[in-house]
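Being a predicted model, the structure only gives us computed values, none of them experimental. Start at 1 and go down the list; that is how both ligands and their atoms are numbered.
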Amino acid sequence: MINILKSYKELSLTVADIVEHILSLPKPKLILPTGSTPIGLYKELVNRDLDWSTATTYNLDEYVDNTIQEQSYKYFMWENLFNHININEDNVFFPSDIAVWPDMDYGVGVDLCLLGIGGNGHIAFNEPGSSFESETRMVDLTKETIKDNSRFFPTIDDVPTQAVTMGLKSIMSSKKIVLMVSGEHKLNIMNVAMAGEVTESIPASILQTHNNVEVYYCD
Ligand code: PGA
């Protein structure tokens with residue numbers, strides 16, 4: 001289930017191949033992540049000039065009460081991907097738009113969910129202790145996540161303390177899940193999540209119970 005790749009470039013190209021295949025399906029639906037891990041993937045997808053005209057995308061999460069627009073996940077997605085592809089903006093959804101929460105809960109019919117993993121084993125903003133039955137909801141961020149994400153903000157006090165996240169149940173409804181892991185600092189948590197006990201203390205461990213998960217790791 002865990003594929004070790006030689007470089008970040010290879011990770012980005014390999015996952016881009018998977019996305020390219022999904023985009024060839026009729027009316028493809030994808031769940032997309034933010035963070036540093038998928039930046040190379042999004043660059044590669046932009047370079048490939050693929051047809052996104054019938055695609056629908058759902059983002060995993062978004063901060064609440066964020067005062068720094070450049071750090072919003074909506075901003076990140078438009079900057080890194082959506083502005084450069086032919087996606088229909090009516091088909092782009094973020095969980096922070098409360099009107100779309102119910103839609104985001106079904107997850108059913110989603111062809112591909114791309115994920116990163118947090119240092120504490122979170123996926124999206126499902127922090128340790130999140131119920132495996134969780135759906136889209138508002139959550140408090142842990143101190144560890146706030147500290148991890150402070151690298152993107154002027155000071156740690158600027159990091160929002162809450163977010164809206166797609167739930168674990170919603171994520172698990174996807175037909176296929178690809179977890180991208182980049183950097184040795186994530187190696188241990190990846191191994192614990194993918195080979196250790198399946199427990200709500202390590203939210204990513206739920207992935208072991210999905211029948212179509214691929215994990216791609218590079219140092
Ligand atoms: P990263 O974040 O890609 O910036 O490491 C992943 C995550 O916290 O889910």
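Each of L41, I39, D219 was evaluated against Y8; a single residue qualifies, I39, per the side chain to side chain contact (heavy atoms under 4.5 Å, CB included) test.
Looking only at heavy atoms of the protein, atom 6 (C) of ligand 1 is closest to I117 O, 3.6 Å. When hydrogens are left out, the protein atom nearest atom 5 (O) of ligand 1 is K186 NZ, 2.6 Å; that is the closest non-hydrogen contact. For atom 3 (O) of ligand 1, the closest non-hydrogen atom on the protein side is T37 OG1, 2.5 Å. Closest protein heavy atom to atom 8 (O) of ligand 1: H122 NE2, 2.8 Å.
Residues V178 and L13 do not share a hydrophobic cluster, defined by chaining ILVMFWY side chains whose heavy atoms lie under 4.5 Å apart.
Interface atoms of ligand 1 facing G118, defined by a heavy-atom separation under 4.0 Å, are 7 (C), 8 (O), 9 (O). Below 4.0 Å from some heavy atom of G35 lie the following atoms of ligand 1, by number and element: 3 (O), 4 (O). Taking a cut-off of under 4.0 Å to the non-hydrogen atoms of R151, the atoms of ligand 1 that pass are 4 (O).
Under the 4.0 angstrom criterion for non-hydrogen atoms, H185 is not in contact with ligand 1.
In this structure, Q162 contributes its side chain and D65 its backbone to no donor-acceptor pair below 3.5 Å. E133 places no side-chain N or O within donor-acceptor distance of the main-chain N or O of K169, the cut-off being under 3.5 Å.
Contact annotation: for M180 versus ligand 1, there are no heavy atoms closer than 4.0 Å.
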- Does the side-chain contact (heavy atoms from CB on, under 4.5 Å) test come out yes or no for E127 and L141, once each step is laid out? CA-CA 7 Å; E127 299 282 36; L141 302 181; 4.1 Å; yes
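Residue S36 has at least one nitrogen or oxygen atom sitting less than 3.5 Å from a nitrogen or oxygen atom of ligand 1, judged on distance alone.
For N47, the CG atom is densely surrounded, since the number of other residues' heavy atoms within 6.0 Å is greater than 12.
Ionic pairing of E20 and R48 is present here: one or more N-O contacts between side-chain nitrogen and carboxylate oxygen are shorter than 4.0 angstrom.
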